[in-house]
Number of protein chains: 2
Amino acid sequence: MSAPTVSRTQDSLLTPGQVAAMFHVDPKTVTRWAHAGRLGSLRTPGGHRRFRESEVLQLLDSLTTEASRH
Amino acid sequence: MSAPTVSRTQDSLLTPGQVAAMFHVDPKTVTRWAHAGRLGSLRTPGGHRRFRESEVLQLLDSLTTEASRH
DNA sequence: CCTGACTCGGGTAATTGGGGTG
DNA sequence: CATGTCCCAATTACCCGAGTCA
């Protein structure tokens, strides 16, 4: 894999608690979104979920811009 | 500081019940305000609304300062 | 190695959303 | 015209004990 494909997306991984704070919801709710396919879930060897900052930001943006629909 | 890339990621969000308590009205009424365009409505993937604390505070302040704004 | 804080998992309670009505 | 209350279904919030992360 010395491929220069540079898949280096500067994606910081956020914990459920951090994402929950951004949406003002419970960490369990964020877990449900991941389970519903709303967010990609990265799993640590221990089973903990981790979310990509870019994905969370994108989802947050889509929910934030919902005020100008129509 | 124009900071065009940093604006939609640091706002406290309130639940309809919390906003309703601040205005002393029913959550249903707050929902109608959002539907009328008086409040920006942030929707969770599940369909629940979330309101910006700054927007609610501003609306509350305008109602508290001037009840005859016409 | 141990500690502190957070997360996981399932289940239940409370709240929310939408429509229709007064 | 705006607000309050009813129904139902869906979503979200909090409880416990155990494990994992840093």
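Note: hydrogens, waters and symmetry copies are ignored here, and every other heavy atom, side chains too, is used. Numbered from 1 within each chain, the chains take letters A, B, ... in sequence-line order.
- At a threshold of 4.0 angstrom between heavy atoms, the contacts of T15(B) with the nucleic acid are absent.
- In this structure, L42(B) places its CG atom 19 Å from P of dT11(D), rounding to the nearest Å.
- Among the heavy atoms of the strands lying under 4.0 Å from H24(A) are primed sugar atoms or P, OP1, OP2 only; no base atom is included.
- Residues F51(B) and G40(B) share a closest heavy-atom pair of CD2-O, 3.7 Å.
- Between the CG atom of L14(B) and the CG atom of L57(B) there is a distance of 8.0 Å, given to the nearest 0.5 Å.
- For dA22(D), the OP1/OP2 oxygens have a side-chain nitrogen or oxygen of R50(A) closer than 4.0 Å.
- Here dG4(D) is the nucleotide among dG4(D), dG17(C), dG19(D) with the atom lying nearest to any side-chain atom of T29(B).
- Each of R52(A), R49(A), R50(A) was evaluated against S41(A); a single residue qualifies, R49(A), per the side chain to side chain contact (heavy atoms under 4.5 Å, CB included) test.
- Summarising the geometry, the separation between CZ on R32(A) and P on dG10(C) is reported as 11 Å, rounded to the nearest angstrom.
- Between K28(B) atom NZ and dG17(C) atom P there is a gap of 7 Å when expressed in whole angstrom units.
- Residues T44(A) and W33(A) each lie close to DNA chain D; by heavy-atom proximity, the contact nearer the 5' end of the strand is made by W33(A).
- Taking atom CG on L39(B) and atom P on dA2(D), their separation rounds to 14 Å, with Å as the unit.
- Comparing dT15(C), dG11(C), dT3(D) by their nearest atom to the side chain of H48(B) picks out dT15(C).
- Contact between V30(A) and V19(A) at its shortest, heavy atoms only, is CG1-CG1, 3.6 Å.
- Regarding D26(A), its CG atom lies at a distance of 5 Å from the P atom of dA13(D), rounded to whole Å.
- In this structure, G47(B) and R43(A) both approach DNA chain C, and ranking their closest nucleotides by distance from the 5' end singles out R43(A).
- For the OP1/OP2 pair of dG9(C) and a distance below 4.0 Å, the side-chain nitrogens and oxygens of R49(A) include at least one atom meeting the criterion.
- Between Q18(B) atom CD and dA14(C) atom P there is a gap of 18 Å when expressed in whole angstrom units.
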Working for side-chain hydrogen bond (donor to acceptor under 3.5 Å, both in side chains), residues T29(B) and R32(B): CA-CA 5 Å; T29(B) 303; R32(B) 283 185 182 124; 4.7 Å; no
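- For the pair R38(B) CZ and dC1(D) P, the computed distance is 13 Å after rounding to whole Å.
- Put simply, CZ on F23(B) is 13 Å from P on dG4(D), counting in whole angstrom units.
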